[in-house]
Amino acid sequence: MDQSFAIQEILPQDENYCCKHAVQCLVYVDNVTESRLLGLVERTKEHALFVFTHRRMAITGEDVTLYDIFPISNDFAVVEVIKCMLHDIYIGADTRVRLNFQDGELEVRLPFGSHSRLFLSEVNRAWNVCKSPKEAPKFEWLHKYRKASKDQGGVKQTLAPLGTTHTKISQHKKTGKPTALFVSLSVSTLPELLTLSHRALCVVISSKFVLLAAERNYRPTLRNQGKVKREGWDELKREGRDDLVRQSSHTASNKATMLAMPQFGLRDNLVRCELLKNEDIYTYLENFSFFLGTYNVNGQTPKEGLRPWLGSTSTPPDMYCVGFQELDLSKEAFFFNDTPKETEWMKAVSEGLHPDAKYALVKLVRLVGIMLLFYVRNEHAKHISEMEAETVGTGIMGRMGNKGAVAIRFRFHNSDICVVNSHLAAHIEEYERRNQDYKDICSRLLFRQHDPALAPLAIMKHDVVLWLGDLNYRLSDLDVDNVKDLIAKKDFETLHSYDQLKRQIDEKAVFVGFVEGEIGFLPTYKYDTGSDQWDTSEKCRVPAWCDRILWRGKNVRQLLYQSHMDLKTSDHKPVSSLLEIGIKLVNEESYKKTFEEIVRSLDKMENECIPSLTLSRRELQFKDVKFMQHQAETLTLFNDGQVPCQFEFIQKLDQPTYCKPWLTANPAKGGNMDIDLEVFVNRSTATELNAGRQQIEDILVLHLERGKDYFLSVTGNYLPSCFGSSIQTLCQLRDPIQEMPLETIRELTRSVIIDKPLDIPKEIWQMVDHLYRNALKQGELFQQPGLRSEFVEIRDCLDTGMPDSLPGSNHSVAEALLLFLDALPEPVVPFSLYQQCLECCSNTSQCKKVVSLLPRCHKNVFNYIAAFLRELLKHSTHNNLDVNILGKPSNAILAIQLKSEVYIH
């Protein structure tokens, strides 16, 4: 997460201080590493590096303490520390950097990855700024930081005023045996040094690489290997939860070494494509064991050891992917995404791993109560690279983190692997909601790549996908007694035929291409906590296999698939699967030969040929575009030249973006031959389109790298919608909006035409009246999201007047009401009155006065919705709603109505 927010919180708020970027790092103090937080702070075009001690991941200003300040002046320099032992340098290794300042220096280790590269580029930009002014920076704004002695972990450091000598955190002494080579370089070139391998040592001179030393057939000795592993494991134990080590432990093959040599032109996308095509020539398969585990812990703390679950295999696995759900059910975890149970369960997992091997924690990712831990055996850690993590919430309003997924992706040797831990919608009848959650996760969970020019990676764009979690699919069409009878007979095959997940997979509704092993264990839900007894509560839940593990990809074989009845902490039982996966390893000699052949065959073509394209069409038309409904057209690019093409859509003159906000191109740049042009009108663009001030018209400029530009015409028509229209306009429409002439709608948006407008928009009346008649006793109203397909029907009904009554479930109508209010160009309580509302919220008479200031139609809507909310609260014994629930962030629009009404009455 971005920790610059924590630094910004402690900076003076009224003096234009700005934390541009922050990165967590290790500082060398007397040859011992300690975790610090570096923040690049700017004020009036002057920059300084603020060094903080911190506790855990810095979330707020209370988590950081100022340790030292280093101004970035003309004396500033960056020194890369490169060990002379070539085998200690490997692709993906953390970067050891010495930052030199006037009379001071700071030696740090930055974690490998895009976050550090961005930090270094920002530091380089700050250094360039300080060089440009004619007058040297004075840093007067730093004089307020007087000497403030700090004593943490036995290390004392003083904050000194400018002009005094900084204490050197790490003092380097000259010896007769040089242990490191220090190379001064431009900060902008530091990301290139991250790609050095143990076979080549490069120094940056004038922004170009010069090869100093190389050893083709170098092989580290076993003694050296053991030293590296032992040191890496000791560092991991010292740093614990820290993300720094997790992304540093991976090495490279000859492939990555050669990719770092610019004399071969290896950054060219053409070479990469050809290498990918010929991958079978230079790779071979080797099997590795993956232990996958999932456990819904129902908000409990660890009360028993996890060894019966995690250490249940006869031999230690090579990797562990351990997923948890409902880690913490408290409101604090939901709203602030912070919980002490993360550390408690992580510790329990570390202690429960197989005792016959040593493991390193590579990554931890969590979204509210969904957590995924990734461990590897120490000897494999150096082969992990390109580690990324992402989260997606699919809960309330389809976005909140009470349901959703966390995922990691990484490269192990030459295979790309993705692991997903998900918690899908609950309740036996909500299998369609679960299907939608799965589809949302697949479409929205995208991993950024280290090369920003490349499009994000979707889940399915990996060699192997491992999916685990509480998928919440239940057993249908059987009552609890029949289910328990089949369980008693251990007739799992018959019982499995009633499983919702199996039925949905058979219908190809979800998990297409995935495989699940044969289930030969008891259903994992629901038990009385602390026992093996089925649910004896009043609800008496039907047992079900909620917790599942599936995989997708080639060369995967399942060795074990089982539940673990010994663990009784939760109302679920943990599940594990042991998979044997064939991983692609690189034969370095074969790779080198293949690579050289590709370079020789393409060299002449690359120099002589000019890229050229033929477009399948130059005009794209989108007919009958509707509010919040995707429309897509595919543009096919035919490469009629002799070399691969790289394209991108570029901005037009005086335009901030390459296209209008309702249009996107996927991908907007790259080498793909198919481009999806998508039109999507949301609340930010609907108002202008409804009023006729904007049309579905645009010109796109497709730029071909080293080639010409192509112009594409995009046209279409937008069907006006009540969503995104103003309250005043809708009060003047007695007929559905799509039955009105476009010119009439545009006139109504500019001025009042009819003498007797409606008291409130009929669309609000239809939705509220539907909920009043059908949903006063509906449970989880405004909490459970509706179905997207039903929202489409509701929108069309409101816009066209057909059918006469609103379709869809109560939850879908409630969500449509929220979306309607959210899309209003001017809220029910206008923006101009927000400040007055905040100032008088505790004064009844003042509240009444503010309400009296509302425009007539706005006041009518306010009172109408407030009356409806009061009716809902009268039935709270049935619908379980209260002021706190309606005041959640997801119901902020209703909260304004409700709280204002409470203050008035």
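What's counted below: heavy atoms across the whole structure, side chains too, no hydrogens, waters or symmetry copies. Along the sequence shown, residues carry numbers from 1.
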Taking all non-hydrogen atoms of both residues, which atom of A665 and which atom of Y658 are closest, and how far apart? N-OH, 3.1 Å

So, S809 versus E790: side-chain donor-acceptor pair below 3.5 Å or not? yes

Nearest heavy atoms of L424 and L471, plus distance in Å: CB-O, 3.5 Å

Between D470 and C546, which heavy-atom pair has the shortest distance, and what is it? OD1-CB, 3.3 Å

Are D440 and K403 within salt-bridge range, i.e. N to O under 4.0 Å? no

When the ring centroid of F868 is compared with that of Y772, is the distance short of 6.0 Å? no

Under 6.0 Å from the CZ atom of R788, do we count more than 12 heavy atoms belonging to anything else shown? no

So do the side chains of R434 and Q500 get within less than 4.5 Å of each other, counting heavy atoms only? yes

Please, which pairs that meet salt bridge (charged side-chain N to carboxylate O under 4.0 Å, His left out) have at least one residue in residues 765-781, sequence neighbours excluded? D769-R773

Contacts of H875 meeting ring pair (Phe, Tyr, Trp, His ring centres under 6.0 Å) (sequence neighbours excluded), chain-then-number -> none

Salt bridge (charged side-chain N to carboxylate O under 4.0 Å, His left out) pairs touching residues 624-636, sequence neighbours excluded, are R617-E633, K626-D796

Would you call R409 and E388 a salt bridge, using N to O less than 4.0 angstrom? no

Taking the six-membered ring where the residue is Trp, are the ring centres of W662 and F622 under 6.0 Å apart? no

With a 6.0 Å cut-off (strictly less than), is the heavy-atom count around CD of E507, excluding the residue itself, greater than 12? yes

Ring centroid separation for F791 and F723, is it under 6.0 angstrom? yes

